[in-house]
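Order of the sequence lines fixes the chain letters, A, B, ..., with proteins taken first and strands second; residue numbering starts at 1 for each chain. Quick caveat, the model's predicted, so the values are computed rather than measured. Values below: every heavy atom of this structure, side chains too, minus hydrogens, waters and symmetry copies.
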2 protein chains.
Amino acid sequence: MTKSEKLKKGEATRLVVEDAALELYMDQGYHATSMRQIADKAGLALGGIYNHFKSKEEIFEAIIIDKHPYKKILPIVLAVETENLEGFLSNAMQVVIEELGSEPYYMKLMLIELIEFNGKHGSTLLKFIAPEILPVFERLVKSRKDLRVTNPAMLMRSFFGMILSYFLTGMLMSGSILEKLLPKNPADIYVDIMLHGILKSEA
Amino acid sequence: MTKSEKLKKGEATRLVVEDAALELYMDQGYHATSMRQIADKAGLALGGIYNHFKSKEEIFEAIIIDKHPYKKILPIVLAVETENLEGFLSNAMQVVIEELGSEPYYMKLMLIELIEFNGKHGSTLLKFIAPEILPVFERLVKSRKDLRVTNPAMLMRSFFGMILSYFLTGMLMSGSILEKLLPKNPADIYVDIMLHGILKSEA
DNA sequence: CCTACCGATCGGTAGG
DNA sequence: CCTACCGATCGGTAGG
């Protein structure tokens with residue numbers, strides 16, 4: 001009763017396999033990861049995996065759904081109390097960056113999907129998530145007059161694009177000479193750029 | 001004399017192999033692409049490849065250097081004539097987007113490096129390119145007072161981050177329901193956001 | 001859930 | 001530059 005909660009043995013093993021696979025996918029990619037590696041890391045025999053998943057690809061598909069962070073993040077974002085639009089956008093971005101954390105695992109999963117599956121899961125990610133999140137941006141656009149970007153889909157695209165950009169440039173520059181030249185608070189600056197742009201003056 | 005220019009037979013074959021590999025990497029990723037596929041596409045036998053490259057990985061390494069678009073793009077950007085800063089940044093971004101084209105192959109190569117090699121080529125890309133490009137941003141920061149971002153490395157990061165974001169969100173959304181909801185000129189809007197942000201008002 | 005196995009394919013090489 | 005081959009490893013399965 002201590003730790004088991006309600007999940008049956010079978011379901012627990014399934015999650016163990018998913019966790020093992022996720023970790024391996026994250027630092028090798030999908031095709032470079034073998035079923036034997038996953039089995040080893042999950043602590044069972046190769047054949048055992050096939051009691052829970054029909055194929056290697058099915059593990060990946062399960063992960064991109066089960067591990068999706070939006071269920072966790074969206075409520076937090078919506079719960080943030082702010083009086084004005086700037087405060088909301090700023091806090092929202094900061095919360096997302098914080099929650100995705102220093103190891104943006106889901107960002108990597110999305111890229112694996114894009115690179116190794118050529119986006120063939122139809123950006124499953126976006127397809128069943130957009131309907132949940134788009135309305136937030138629609139409300140934003142409707143209720144506020146001081147937005148430069150008035151198309152909800154475009155606003156959403158640029159919002160997530162900004163977060164994508166933040167993590168990706170961070171990953172690309174990590175360990176490079178450039179990293180030391182950066183200010184210590186790149187996330188804050190990113191938020192600032194999203195809100196006000198690179199320039200000080202108005203168009 | 002018509003088409004051969006100066007490159008010897010050996011060098012030409014090498015390039016044929018690189019082109020074949022590049023194409024395959026781009027829509028399958030690195031590990032999912034076999035040497036036999038590359039050989040077939042290049043029009044020679046498997047063993048023939050090893051006269052030009054020691055290993056599969058060496059082909060990848062050759063590509064990320066030989067196919068790097070910055071040699072082509074940088075001169076164009078610098079040649080753009082503009083009277084003010086806004087014009088320069090705006091044109092620069094537009095030129096880069098245009099040159100990278102609708103199939104941003106090099107963007108994909110960078111992601112493959114990040115995902116499948118875990119960035120182990122030390123972001124070769126950035127390491128020998130940053131010294132070429134960073135000075136451009138240094139000059140920009142020095143000569144202009146109307147920049148919100150005054151750290152050259154940060155300015156460079158956000159500039160390329162913006163381009164990264166543009167292409168990646170485009171790829172992620174392609175084919176999705178969201179795509180139809182977007183305005184027809186997303187690139188222009190992206191430029192506008194980079195320069196002035198999402199908000200109309202000043203901080 | 002494991003053992004033992006399958007055919008297929010992998011990267012790479014020898015030898016010409 | 002090709003043919004023919006190597007050992008290793010792959011995803012997956014049968015049978016218990």
Only counting residues at least two apart or in another chain, list the ones meeting side chain to side chain donor-acceptor pair (under 3.5 Å) with B/Gln28. B/Thr33
Just by distance, no angles: are the side chains of B/Asp188 and B/Gln94 close enough, under 3.5 Å, to form a donor-acceptor pair? yes
Please determine if a side-chain N or O atom of A/Thr13 lies less than 4.0 Å away from the OP1 or OP2 oxygen of C/dC1. yes
Spacing between A/Leu44 atom CG and C/dC2 atom C1', to the nearest angstrom: 10 Å
For D/dG12 and A/Tyr50 - does any side-chain N or O of the residue sit under 4.0 Å from the phosphate oxygens OP1/OP2? yes
From the candidates D/dG12, C/dC10, C/dC1, the one with an atom nearest any side-chain atom of A/Met35 is D/dG12
Could you check how far CG of A/Asp40 sits from P of D/dG11, rounded to whole Å? 12 Å
Using whole Å, report how far CD of A/Gln37 lies from P of D/dA8. 18 Å
Please set out all donor-acceptor pairs under 3.5 angstrom arising from side-chain atoms of residues 63-74 of chain A, sequence neighbours excluded.
{"residue": "A/Lys67", "atom": "NZ", "partner": "A/Asp19", "partner atom": "OD1", "Å": "2.6"}
{"residue": "A/His68", "atom": "ND1", "partner": "A/Tyr70", "partner atom": "N", "Å": "3.0"}

B/Tyr30 and side chain to side chain contact (heavy atoms under 4.5 Å, CB included): which single residue from B/Ile59, B/Leu109, B/Ile112 fits? B/Ile112
Separation of B/Arg36 atom CZ from D/dT9 atom P, in whole Å? 16 Å
Check DNA chain C for consecutive Watson-Crick or G-U pairs with both distances under 3.5 Å and list the runs of at least three as stems. C:1-16 with D:1-16
Rounded to the nearest Å, what distance is computed from the CZ atom of residue B/Phe60 to the P atom of nucleotide C/dG11? 15 Å
A/Lys54 or A/Ala32: which one's nearest nucleotide on DNA chain D is closer to the 5' end? A/Ala32
Side chain to side chain donor-acceptor pair (under 3.5 Å) with A/Ser165: which residues, sequence neighbours excluded? A/Tyr190
Rounded to whole Å, please give me the gap between CD1 in B/Ile59 and P in C/dC10. 14 Å
Under the salt bridge (Lys or Arg N to Asp or Glu O under 4.0 Å) rule, collect the residues that match up with B/Glu138, sequence neighbours excluded. none
Under 3.5 Å, is there a donor on one side chain and an acceptor on the other for A/Glu18 and A/His52? no
Measure from CD1 on B/Ile38 to P on C/dG11 and round the result to the nearest Å. 8 Å
Proximity to the side chain of A/Ser55 - top-ranked nucleotide from D/dC1, D/dG12, C/dC1: D/dG12
Please report, rounded to the nearest Å, how far the C1' atom of C/dC10 is from the CG atom of B/Leu46. 10 Å
Distance col, row A/Tyr166:OH vs A/Met171:CE, nearest 0.5 angstrom, shows 12.5 Å
Closest to side chain of B/Ala45, choosing from D/dT3, D/dG11, C/dT3: D/dT3
For A/Arg148 and B/Gly197, which heavy atoms make the closest approach, and how far apart are they? CD-O, 2.9 Å
Considering only heavy atoms, which members of residues 19-31 of chain B lie under 4.0 Å from some atom of DNA chain D? none
